[in-house]
Novice: 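Could you have a look at this structure, given as structure tokens, before my questions?
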Amino acid sequence: MEQTKSVLAQENLDRECLDNKNLVTKIDGDTDKNRDREGLKYESLKYENSDAENLAQENFDQANLGQGISDQESLGTDNLKIGNLGQEDETNKNPERDNLDQEDLTTQKRVGKKTASKRRWFWAAGICALTAAAFVTGTLILRKEIKINPILAERYEVHGVDVSHYQGTIDWDVLSQDLDFAFIKATEGSTHVDDRFQDNWQAAEQTHLYLGAYHFFSFDSEGHKEAASYIDTVGSLDGKLAPVVDVEYYGNKKSDPPGRTEVIENLRAMLDTLEQHYEIKPIIYTTYTVYNDYIKGEFEDYPLWVRSVYCPPSVFWGNKWSFWQYMDTAMLDGYAGDQKYIDMNVFRGTKQELENLTIQKIMY
């Protein structure tokens, strides 16, 4: 019985252990089930939460998108309103702006007129200054206080003088220094002979100068008679320059000029007579006025000696000249006459070319 009790007790103990084990197992199973259920609930809850969050996010995004669209629409509306407001402002400001623009335009015109007026004033002042300077310079040139011709004449190689009784007694050794040629007055009209011609001619022949004798043409004499007087007075021109006929106005001839036909006829008669006698074309000395009145178009093939004491001959004659009287107020050493001045000339060429105007045949 003790053993039975013992066995029973052991059985009871085993049963209790089993029950306890089963209870523990049951508890563990329930626990696992609860855990699994809780995990499942957690997962479901997580997914639900995730879906809710996603849904909420989508709703939020949609809301934001809607808000963005609404904001953009509002912004567009605001901009439109601002634009309309600006347009209204511009519309409202246009009269003021127009007035301002009109004022600016008026101011610009006023400034432009002032500027144009100043420009015109400066131009007028400049023109007046140039005119005044030209007038003063021209006056000084006409008074021969400004002399540009001597400077221009320096470019020529061959220089010379022309003289008459006005220079009085001439020391040709002194006067001939730095000169290359000299023309000496011989006759005038059909009867007059310069009272210093013979002395000057003979003394000048003793120098190195190329010499020539000139005749002062008279509008009141017959041409062939004037030529005869020259030939009788000068004689031979062997080795001398071609004869010169000085044709210029004198006395009242400038204010009351002789008829062109008569002058050309007498001048031609004299030139032809001299050319036949000396077998060389004479040189014509003249002024611009006389050249245009009588020489131009009639005696173009004769060597031309021009008087131009205020400007270079190219201004009036171009290159139609051989000799240029560029100055009538020069003062040189070697003469002592009533006239303190002497005429200065240049030849447009070389000394060798000047030789071509000399007479090589002995005249009888």
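Side chains are part of it too, since the values below use all heavy atoms of this structure and drop only hydrogens, waters and symmetry mates.
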Novice: Could you measure the distance from the CD atom of Q325 to the CG atom of D343? Nearest 0.5 Å is fine.
Specialist: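 The CD atom of Q325 sits 4.0 Å away from the CG atom of D343.
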Novice: What about V263 and V244, same hydrophobic cluster or not, with Ile/Leu/Val/Met/Phe/Trp/Tyr joined at side-chain heavy-atom distances under 4.5 Å?
Specialist: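 No: no chain of side-chain contacts under 4.5 Å links V263 to V244.
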Novice: Take a 6.0 Å sphere around CD of E262 and say whether it holds more than 12 heavy atoms from other residues, nucleotides or ligands.
Specialist: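 At most 12 heavy atoms, drawn from other residues, nucleotides or ligands, come within 6.0 Å of this atom.
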Novice: With a 6.0 Å cut-off on the ring centroids, do W321 and Y156 count as close?
Specialist: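 They qualify: ring centres under 6.0 Å apart.
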Novice: What's the separation between atom OH in Y326 and atom CD1 in I151, rounded to the nearest 0.5 Å?
Specialist: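 One finds 11.0 Å between OH of Y326 and CD1 of I151.
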Novice: Under a 4.5 Å cut-off applied to non-hydrogen side-chain atoms, are Q167 and R196 in contact?
Specialist: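 The answer is no, as the side chains (C-beta and beyond) never meet within the 4.5 Å cut-off.
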Novice: Could you tell me whether the side chain of E226 and the main chain of G223 form a donor-acceptor pair under 3.5 Å?
Specialist: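 No, because the side chain of E226 does not come within donor-acceptor range (under 3.5 Å) of the backbone of G223.
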Novice: Could you walk me through whether Y294 and R260 satisfy the side-chain contact (heavy atoms from CB on, under 4.5 Å) test, starting with their C-alpha distance in whole Å, then the side-chain angles of each, then the deciding distance to 0.1 Å, before giving a yes or no?
Specialist: CA-CA 6 Å; Y294 305 107; R260 176 179 171 83; 4.2 Å; yes
Novice: Ion pair present between R348 and E353, side-chain N to carboxylate O less than 4.0 angstrom?
Specialist: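 E353 and R348: not salt-bridged.
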Novice: Between R307 and D328, does any NZ, NE, NH1 or NH2 come within less than 4.0 Å of an OD or OE carboxylate oxygen?
Specialist: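 Salt bridge flag = yes for R307 with D328.
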Novice: Is it the case that more than 12 heavy atoms not belonging to Q352 sit under 6.0 Å from its CD atom?
Specialist: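 Atom CD in Q352 is not crowded, with 12 or fewer foreign heavy atoms closer than 6.0 Å.
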Novice: State the CG-NZ distance between N266 and K225, to the nearest 0.5 angstrom.
Specialist: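 Those atoms lie 10.5 Å apart.
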Novice: Would a 4.5 Å heavy-atom cut-off, applied to side chains only, mark L332 and M344 as touching?
Specialist: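 SC-SC contact between L332 and M344 confirmed.
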Novice: OG1/T329 to NZ/K340 distance, rounded to the nearest 0.5 angstrom?
Specialist: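 Nearest 0.5 Å value for the OG1-NZ distance: 9.5 Å.
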Novice: Quick check, are the ring centers of F181 and F323 under 6.0 angstrom apart?
Specialist: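 Ring centroids of F181 and F323 are less than 6.0 Å from each other.
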Novice: Counting the benzene-type ring for Trp, do Y285 and F217 have ring centres under 6.0 Å apart?
Specialist: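 For Y285 and F217, the ring centres are not under 6.0 Å apart.
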Novice: Does atom CG (D333) have a neighbourhood of more than 12 heavy atoms from anything else shown, all under 6.0 Å?
Specialist: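 For D333, atom CG is not crowded (no more than 12 foreign heavy atoms under 6.0 Å).
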Novice: How about L274 and M270: do any of their side-chain heavy atoms sit closer than 4.5 Å?
Specialist: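 They are in side-chain contact.
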Novice: Ring centroid separation for F347 and Y210, is it under 6.0 angstrom?
Specialist: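 Ring centroids of F347 and Y210 are no less than 6.0 Å from each other.
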Novice: Can you list the steps and then say if F299 with I264 is a side-chain contact (heavy atoms from CB on, under 4.5 Å)?
Specialist: CA-CA 9 Å; F299 306 99; I264 291 175; 4.0 Å; yes
Novice: Report yes if some heavy atom in the side chain of M327 is under 4.5 Å from a heavy atom in the side chain of V309; otherwise report no.
Specialist: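 No; the side chains remain at least 4.5 Å from each other.
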Novice: With side-chain contact (heavy atoms from CB on, under 4.5 Å) as the test, would you mind laying out the steps for V161 and L179 before giving the verdict?
Specialist: CA-CA 8 Å; V161 295; L179 296 177; 3.7 Å; yes
Novice: Does a sphere of radius 6.0 Å around OH in Y166 hold more than 12 heavy atoms from other residues, nucleotides or ligands, not counting ones at 6.0 Å or beyond?
Specialist: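 No, because the 6.0 Å sphere around OH of Y166 holds 12 heavy atoms or fewer from other groups.
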Novice: If every non-hydrogen atom of V306 is compared with every non-hydrogen atom of P313, which pair is closest and at what distance?
Specialist: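 The answer is CG2-CB, 3.7 Å.
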Novice: Using the side chain to side chain donor-acceptor pair (under 3.5 Å) rule, take W305 and D162 through it: C-alpha gap first, then chi angles, then the decisive distance, then the call.
Specialist: CA-CA 12 Å; W305 177 10; D162 62 271; 5.4 Å; no
Novice: Work out which heavy atom in A213 is nearest to a heavy atom in Y230; give both atom names and the distance.
Specialist: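 Residues A213 and Y230, closest heavy atoms: O-OH, 2.7 Å.
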Novice: Can you tell me how far the CG atom of D272 sits from the NZ atom of K281, to the nearest 0.5 Å?
Specialist: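 It comes to 7.5 Å.
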Novice: Looking at D220 and K253, is there a salt bridge between them, counting it only when a charged N and a carboxylate O are closer than 4.0 Å?
Specialist: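 Salt bridge between K253 and D220, a charged N being under 4.0 Å from a carboxylate O: yes.
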Novice: Can you tell me how far the CG atom of N292 sits from the CH2 atom of W317, to the nearest 0.5 Å?
Specialist: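 Result: 8.5 Å between the selected atoms.
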Novice: Please confirm whether the backbone N or O of G160 pairs with a side-chain atom of D180, one donor and one acceptor, at under 3.5 Å?
Specialist: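 Side chain of D180 to backbone of G160: no pair is present.
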Novice: How far apart are the closest heavy atoms of K185 and E188, and which atoms are they?
Specialist: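 Closest heavy-atom pair between K185 and E188: NZ-OE1, 2.8 Å.
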Novice: In this structure, would W201 and V245 fall into the same cluster of hydrophobic residues linked by side-chain contacts under 4.5 Å?
Specialist: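 Same hydrophobic cluster.
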Novice: Return yes when atom CG of D195 has more than 12 non-hydrogen atoms of other residues, nucleotides or ligands closer than 6.0 Å, and no otherwise.
Specialist: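 Yes, because the 6.0 Å sphere around CG of D195 holds more than 12 heavy atoms from other groups.
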Novice: In terms of relative ring orientation, are Y250 and F219 parallel, tilted or perpendicular, with 30° and 60° separating the classes?
Specialist: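 Taking F219 first and then Y250, their aromatic rings lie parallel (interplane angle under 30°).
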Novice: Does Y214 have its ring centroid less than 6.0 Å away from the ring centroid of F183?
Specialist: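 No.
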Novice: In terms of hydrophobic clustering (I, L, V, M, F, W, Y; side-chain heavy atoms under 4.5 Å; direct or indirect links), are L354 and Y302 co-clustered?
Specialist: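 The answer is no; the residues belong to distinct hydrophobic clusters.
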Novice: Please determine whether residues L237 and I284 belong to a single hydrophobic cluster, defined as Ile, Leu, Val, Met, Phe, Trp and Tyr linked transitively by side-chain heavy-atom distances below 4.5 Å.
Specialist: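 Yes, one cluster joins them.
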Novice: Sort out for me which residue in T233, V193, V234 forms a side-chain contact (heavy atoms from CB on, under 4.5 Å) with Q198.
Specialist: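 The option that passes is T233.
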Novice: Test side-chain contact (heavy atoms from CB on, under 4.5 Å) on H208 and S176; report intermediate values, then the result.
Specialist: CA-CA 8 Å; H208 67 280; S176 63; 3.9 Å; yes
Novice: Within the 4.5 Å heavy-atom criterion, are P303 and L357 side-chain neighbours or not?
Specialist: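 With C-beta onward as the side chain, the pair touches.
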Novice: Do D293 and Y249 make a side-chain contact, defined as non-hydrogen atoms from C-beta onward lying under 4.5 Å apart?
Specialist: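 The answer is yes, as the side chains (C-beta and beyond) meet within the 4.5 Å cut-off.
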Novice: Between G212 and L241, what is the shortest heavy-atom contact and its length?
Specialist: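 Between these two residues, the closest heavy atoms are CA-CB, 4.1 Å.
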Novice: Near D338 CG, under 6.0 Å, is it more than 12 heavy atoms from other residues, nucleotides or ligands?
Specialist: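 For D338, atom CG is not crowded (no more than 12 foreign heavy atoms under 6.0 Å).
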Novice: Which heavy atom of A204 sits nearest a heavy atom of T207, and at what distance?
Specialist: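 Answer, listing the atom of A204 first, then T207: O-OG1, 2.7 Å.
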Novice: Is the shortest side-chain heavy-atom distance between S308 and W324 below 4.5 Å?
Specialist: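 Yes - at least one pair of side-chain heavy atoms lies under 4.5 Å apart.
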Novice: So, do V163 and Y335 sit near enough that their side-chain heavy atoms are less than 4.5 Å apart?
Specialist: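 No - every pair of side-chain heavy atoms lies 4.5 Å or more apart.
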Novice: Can you name the closest pair of heavy atoms from W172 and A182 and give their distance?
Specialist: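 For W172 and A182, the tightest heavy-atom pair comes out as CZ3-CB, 3.8 Å.
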Novice: Are I342 and V346 connected in a single hydrophobic cluster, I mean Ile/Leu/Val/Met/Phe/Trp/Tyr linked by side-chain heavy atoms less than 4.5 Å apart?
Specialist: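 Yes, V346 and I342 fall within the same hydrophobic cluster.
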